[in-house]
Amino acid sequence: MALNTNKDLKMYYSISEVAEQFGVTESLLRFWETEFPQLAPHKAGRNIRQYTKEDIETVRIIYHLVKVRGLKLAAARKVLEKNKDGAMNVAEAIDRLKQMREELATFRKNLSSLTSGQEE
């Protein structure tokens with residue numbers, strides 16, 4: 001039996017994987033669980049947290065609201081309660097724009113190296 005290494009097929013992610021993905025500490029994720037009722041990962045034996053893709057999307061929204069937009073926890077909690085879908089759309093759009101910016105920077109660098117090679 002082959003080991004599944006494709007992360008897209010994973011059902012659950014550990015707290016350390018999620019923390020690494022967002023560049024935050026595990027203790028911050030546990031704190032956010034107490035502050036945001038929408039974030040409630042499944043707890044397996046010995047209270048080991050198992051995050052689903054939906055949980056990770058919730059973390060992404062919280063991260064965006066608190067870390068990127070700089071909202072206080074109470075304000076972020078209200079946004080999640082009133083308009084989670086809208087907040088998710090904004091967070092996804094920003095993620096896509098960042099990815100596009102990285103791709104454009106790579107394209108620009110490659111184009112620059114091609115044009116400087118022709119001048120020689």
Indicate, with yes or no, if V79 and F31 share a hydrophobic cluster defined by side-chain heavy-atom contacts under 4.5 Å among Ile, Leu, Val, Met, Phe, Trp and Tyr. yes
Measure the spacing between CH2 of W32 and CD1 of I62 and express it to the nearest 0.5 Å. 6.5 Å
Donor-acceptor contacts under 3.5 Å from residues 18-25 side chains, at least two apart:
unit_1: T25; atom_1: OG1; unit_2: S27; atom_2: OG; d: 3.1
unit_1: T25; atom_1: OG1; unit_2: L28; atom_2: N; d: 3.1

Set of residues satisfying side-chain contact (heavy atoms from CB on, under 4.5 Å) with respect to K78, sequence neighbours excluded: none
For K10 and K53 the tightest heavy-atom approach is O-CE, 4.0 Å
Starting at CZ of R30, measure out to CG of L39 and round the result to the nearest 0.5 Å. 12.0 Å
Would V59 and I48 show up in the same hydrophobic cluster when neighbours are defined by side-chain heavy atoms closer than 4.5 Å? no
Interatomic spacing from OG1 in T106 to CG in L111 - rounded to 0.5 Å: 12.5 Å
For residues M11 and Q50, determine if any side-chain heavy atom of one lies less than 4.5 Å from a side-chain heavy atom of the other. no
For the residue pair T58 / D55, report whether a side-chain donor-acceptor contact shorter than 3.5 Å exists. no
Do Y63 and L29 have side chains that approach each other closer than 4.5 Å (heavy atoms only, starting at C-beta)? no
Nearest-0.5 Å distance that lies between atom OG1 in T115 and atom CG in N110: 10.5 Å
Does any part of the side chain of E54, heavy atoms only, come nearer than 4.5 Å to the side chain of E57, both counted from C-beta? no
Could you report the tightest heavy-atom contact between E35 and P37, atom names first, then the distance? O-CD, 3.7 Å
Pairs satisfying side chain to side chain donor-acceptor pair (under 3.5 Å), at least one member in residues 40-49, at least two apart: E33-R49
Heavy-atom side-chain contact between I61 and F36 under 4.5 Å: no
